[in-house]
Amino acid sequence: MITLLESRAVNKRFGGLKALTDVSLTIRKGEVYGLIGPNGAGKTTFFNVLTGAYAIDGGEFVMNGAELPAATPHLVVQHGIARTFQNIRLFRELTALENVMAGHHIRSSAGVWGILTQSRAAREEERLMQERALEILDYVGIGRHADTVARNLSYGDQRRLEIARALATEPQLLALDEPAAGMNATETVGLRTLVETIRGDGITVLLIEHDVKLIMGLCDRVAVLDFGKKIAEGTPAEVQRDPDVIRAYLGGHRAH
Amino acid sequence: MTTTSSALPLPASFAFDRRVQRPLVILLALAAPLIALAMGKSWVRVLDFALLYVLLAIGLNLVVGFAGLLDLGYIAFYAVGAYTWAFLASPHFGIHLPFWIVLPLGAAFAALAGIALGFPTLRLRGDYLAIVTLGFGEIIRIFMNNLNQPINITNGPQGIDSIDPLTIAGLDLSRDLDLFGFQISSLLLYYYAFLACVVFAIILVRRLQISRIGRAWAAIRDDELAAKAIGIDTRMMKLLAFALGATFGGVSGGLFAAFQGFVSPESFSLMESIVVLTMIVLGGMGNLAGVIVGAIMLTALPELLRHFAVPMQMALFGKTLLDPEVLRMLLLSLAMIVMMLVRPAGLLPARTRYAHRDRRNA
Amino acid sequence: METFLQQTLNGLVSGSIYALVALGYTMVYGILGLINFAHGELVMIGALVALQTVTLLNAAVPGLHPVILLLAGVAVAVPVCMAVGYLIERIGYRRLRNAPRLAPLITAIGVSFLLQTLAMIIWGREFHVFPQLVSTTPMQPMDGVVVSPLQIFTIVVAFALMGGLMLLVNKSRLGRAMRATAENHRVAGLMGINANGVIAATFIIGSGLAALAGVLFASNYAIAHYAMGFTPGLKAFTAAVLGGIGNLPGAMVGGLVLGLVESFGAGYIEHLTFGFLNSSYQDIFAFMILGAVLIFRPSGLLGERVADRA
């Protein structure tokens with residue numbers, strides 16, 4: 001298997017608090033990789049450091065053999081990593097279609113001059129972008145809502161739209177932060193099918209999730225974080241048997 | 001979700017067919033000065049100014065409405081354009097360059113000023129940006145007021161007069177044109193020249209709006225963090241909005257100097273920035289039609305007040321309790337507050353489109 | 001040396017007034033994350049209401065001692081400003097707490113101009129002479145340095161008020177509730193704190209300080225005017241940012257530093273720029289400082305206490 005993304009001894013501190021300590025993971029091309037752990041274990045922090053939302057305090061991320069730029073989210077996207085947010089962050093005044101088209105920003109190139117003069121290249125690019133966006137909306141299953149303003153979409157559809165927008169950046173790695181949070185059972189099943197389709201189309205998926213059932217059913221491999229440290233990594237079955245993991249989840253050293 | 005983001009539904013009769021709407025608007029734009037002329041020349045003058053304000057509002061809307069950056073010093077770019085024209089086409093320095101050099105130069109200087117201001121400040125959070133831009137506007141005004149010594153550059157508070165008018169292909173717009181025995185007022189000539197500029201501006205802004213750049217601006221406005229997360233270089237895009245918005249300010253400033261024949265720091269006070277901002281707020285931020293309507297309404301307001309509010313007060317109370325200037329300020333400030341509280345989408349709420357496609361299910 | 005002491009003294013006088021106003025900005029920002037643009041106008045309202053009271057009282061009962069007049073002016077101006085401050089929050093900002101962030105800012109600008117216009121309607125456009133209720137007879141403690149009782153009075157009152165506010169915030173129940181609300185409205189609410197009440201109290205206290213600052217300001221410049229609040233308001237905001245917005249001691253330090261910089265700047269600018277710029281550029285300093293601080297040290301001198309709201 002080919003390695004897509006590697007985190008090497010990644011550290012992150014907030015003041016005196018060590019949010020991540022020497023976290024090293026290897027994500028292989030084409031797999032669904034789960035990141036689990038109790039609340040406050042550092043999963044979302046890991047996402048934020050990976051995608052450049054936070055500065056890194058030590059270690060590095062290597063994507064396709066090249067080190068990722070630190071603390072510059074828009075450059076990380078160019079390296080092929082796209083993310084969604086735990087608390088959905090859509091462009092609320094834009095339609096679903098426009099949201100996805102915005103996601104295509106870095107894969108398009110029309111400049112001010114081309115746009116102002118409506119050059120042939122700019123018009124063609126705009127047309128293609130729209131076509132592609134409609135395809136992606138159909139792909140995630142909300143094509144019929146293309147012209148609905150994002151804030152008027154149902155919760156489940158907003159989640160799907162966020163995934164569609166991330167896909168529009170043409171990522172190699174799609175990082176989903178608790179995509180099933182707040183979803184009902186039917187919606188979760190739909191989400192699972194969608195993630196499987198995405199994986200089937202060759203996009204690697206990094207998944208933070210609380211829903212253990214979903215993780216176990218969906219992921220090829222899983223890493224467990226606890227107090228900012230990786231305590232286990234392996235197939236879901238292996239991880240489930242790991243005594244450290246059981247202790248972390250059953251609260252052996254936790255007050256609650 | 002708050003109630004503030006909901007747009008009130010319009011009565012059905014208001015949203016009449018687009019096919020009727022467009023020719024009607026064009027006809028109205030063309031005929032407006034003729035109707036105004038019948039009421040008196042001063043009304044044509046008001047219309048001319050209204051178009052300048054429309055131009056300004058379109059530019060500011062690019063910054064505030066599209067990109068969500070509250071710029072309270074916008075009038076400074078107007079000033080840069082106006083003073084560029086005054087320096088390069090007036091007896092003040094004895095330079096008289098033609099409009100096709102002065103106007104682009106003014107626009108370029110304004111754009112440069114926009115970049116110079118934006119470069120260090122655009123990483124600031126929105127509310128800081130508002131104050132810094134306000135400070136910038138004031139600094140520019142203070143310099144205009146005081147740069148008459150030790151070397152006289154701006155002529156201080158007296159301003160610069162006898163500025164060259166707009167002359168296009170030998171046609172001096174400041175003189176009435178004699179066309180086959182018909183006298184065409186200079187005010188009308190300016191009106192149509194400004195109208196052409198406005199139409200041109202609308203076309204350009206529409207193109208920007210429905211493009212990857214317009215969508216990137218809207219994305220930054222709606223959620224900056226998410227915009228970064230999809231790869232938008234937010235700082236570059238904001239800088240672009242600032243520079244392009246400033247360009248519009250610079251052009252309208254140049255036109256203003258030519259039309260008025262006189263510039264002084266007084267025309268570029270903070271109040272003017274606030275007036276333009278209110279135009280946008282009133283019509284509906286982001287939405288071009290709303291912005292234009294807002295600009296026209298607020299330019300006409302002082303004249304309407306002078307013509308109607310004063311006689312009405314005389315009739316009711318036997319004296320003028322509130323002079324038109326005070327009334328105008330009162331209405332402006334109330335408009336800002338009430339609009340934000342009650343109708344944040346503006347008087348003419350229309351969703352701004354950022355893609356070409358018409359709605360399928362609308 | 002004499003000029004130096006003189007400029008220091010002048011700077012302290014204006015600086016302590018800026019500090020009082022800056023406290024209002026910083027308290028509101030600390031709790032709501034909102035720049036209350038209209039705060040400067042409360043300085044103006046404080047000054048004009050005090051002036052009105054003094055004038056009326058003096059006409060009704062001639063020959064009153066100036067100190068009584070001053071106290072009466074303050075006694076009316078402070079509650080009036082508190083009421084205005086409360087109303088601004090209640091009618092204007094409360095409904096916009098969760099609105100997109102431009103909305104409260106634009107409302108604040110609207111409120112600022114509304115208050116100015118109302119003041120213009122009530123008190124007219126002219127400059128009013130503000131009576132000298134505290135002696136301005138210059139004293140000369142040493143050669144070349146001139147100080148008036150009013151200046152000493154201003155500094156003493158401002159520092160006393162700042163001390164009182166610090167006590168209130170750090171020691172009282174209300175202060176604790178304010179600090180909790182600044183950390184997080186919702187959590188504070190869950191802990192049984194009436195967040196709306198605390199926010200209203202913050203506006204009221206800030207407005208009261210602004211009213212007093214207004215009286216001090218008008219006394220020192222012997223003038224009151226409907227638009228007098230705008231510039232000190234902006235400068236006080238600068239002071240708040242300079243000290244680290246949301247940080248109370250920061251606002252005080254920021255105010256004093258700004259006052260001193262302005263005073264020295266105005267005194268020396270002609271030498272510094274070889275006569276190119278003169279003291280009419282004094283107002284530029286505040287803006288330049290503001291710009292410089294935001295660019296190079298956005299958290300201010302003492303650091304911003306407000307958490308990331310992302």
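Protein chains get the first letters and strands the later ones, always in sequence-line order, with residue 1 at the start of each. Just the heavy atoms: all of them, side chains too, but no hydrogens, waters or symmetry mates, feed the values below.
- Taking chain B as the reference chain and counting heavy-atom pairs below 4.5 Å, the highest number among A:His104, A:Arg127, A:Arg83, A:Met101 is found for A:Met101.
- Only the backbone of A:Ser109 has a heavy atom closer than 4.5 Å to any heavy atom of chain B.
- For the pair A:Glu98/A:Val149, no side-chain contact is recorded, criterion being any heavy-atom separation below 4.5 Å from C-beta on.
- At a threshold of 4.5 Å between non-hydrogen side-chain atoms, the residues A:Asp201 and A:Thr197 count as touching.
- In this structure, B:Tyr53 has its ring center no closer than 6.0 Å to that of B:Phe194.
- B:Ile292 is listed as a side-chain neighbour of B:Ile202, based on a closest heavy-atom distance under 4.5 Å.
- The greatest number of non-hydrogen atom pairs below 4.5 Å with chain A, out of B:Leu208, B:Ile203, B:Val205, is found for B:Leu208.
- Between A:Leu4 and A:Met63, some side-chain heavy-atom pair lies under the 4.5 Å cut-off.
- The contact between A:Glu126 and chain B is made entirely by side chain atoms (from C-beta outward), counting heavy-atom distances below 4.5 Å.
- By the 30° and 60° cut-offs, the orientation of the rings of B:Phe66 relative to B:Tyr354 is perpendicular.
- Interface summary for chain B: among A:Gln78, A:His74, A:Gln118, the most heavy-atom pairs under 4.5 angstrom belong to A:His74.
- Taking NZ of B:Lys238 as the reference point, atom CZ of B:Arg235 lies at 9.0 Å (rounded to 0.5 Å).
- Looking only at heavy-atom pairs under 4.5 Å with chain B, the residue among A:Ile81, A:Thr84, A:Leu94 that has the most is A:Leu94.
- Residue A:Leu90 touches chain B through its backbone alone, counting heavy-atom pairs closer than 4.5 Å.
- Within the 4.5 angstrom heavy-atom criterion, no atom of B:Met236 approaches chain A.
- Options B:Lys228, B:Arg221, B:Arg215 differ in how many heavy-atom pairs under 4.5 Å they form with chain A, and the most are formed by B:Arg215.
- Both the backbone and the side chain of A:Ile115 come within contact range of chain B, each with at least one heavy atom under 4.5 Å from a heavy atom of that chain.
- Interface check for chain A: of the options B:Asp223, B:Thr352, B:Thr234, B:Ile210, the most heavy-atom pairs under 4.5 Å are formed by B:Asp223.
- Comparing A:Leu75, A:Asn99, A:Val112 by how many heavy-atom pairs each has under 4.5 Å with chain B, the most go to A:Val112.
- Evaluated for a side chain to side chain contact (heavy atoms under 4.5 Å, CB included) with A:Val205, the options A:Leu173, A:Val195, A:Ile27 yield exactly one hit, A:Val195.
- Using a 4.5 Å cut-off between heavy atoms, A:Ala110 contacts chain B through both its backbone and its side chain.
- When each of A:Ile106, A:Thr117, A:Leu116 is checked for heavy-atom pairs under 4.5 Å with chain B, A:Leu116 comes out on top.
- Put simply, CZ on A:Arg107 and CD on A:Glu170 are 5.5 Å apart, with the number rounded to the nearest 0.5 Å.
- A:Leu137 places none of its side-chain heavy atoms less than 4.5 Å from the side chain of A:His145.
- Here the OG1 atom belonging to A:Thr51 is positioned 10.0 Å from the CG atom belonging to A:Leu206, to the nearest 0.5 angstrom.
- Only the side chain of A:Thr169 comes within contact range of chain B, with heavy atoms under 4.5 Å apart.
- Interface remark: A:Thr72 contributes no atoms to any contact with chain B (heavy atom separation under 4.5 Å).
- Within the 4.5 angstrom heavy-atom criterion, no atom of A:Val76 approaches chain B.
- For A:Glu162, no part lies near chain B; criterion is any non-hydrogen pair under 4.5 Å.
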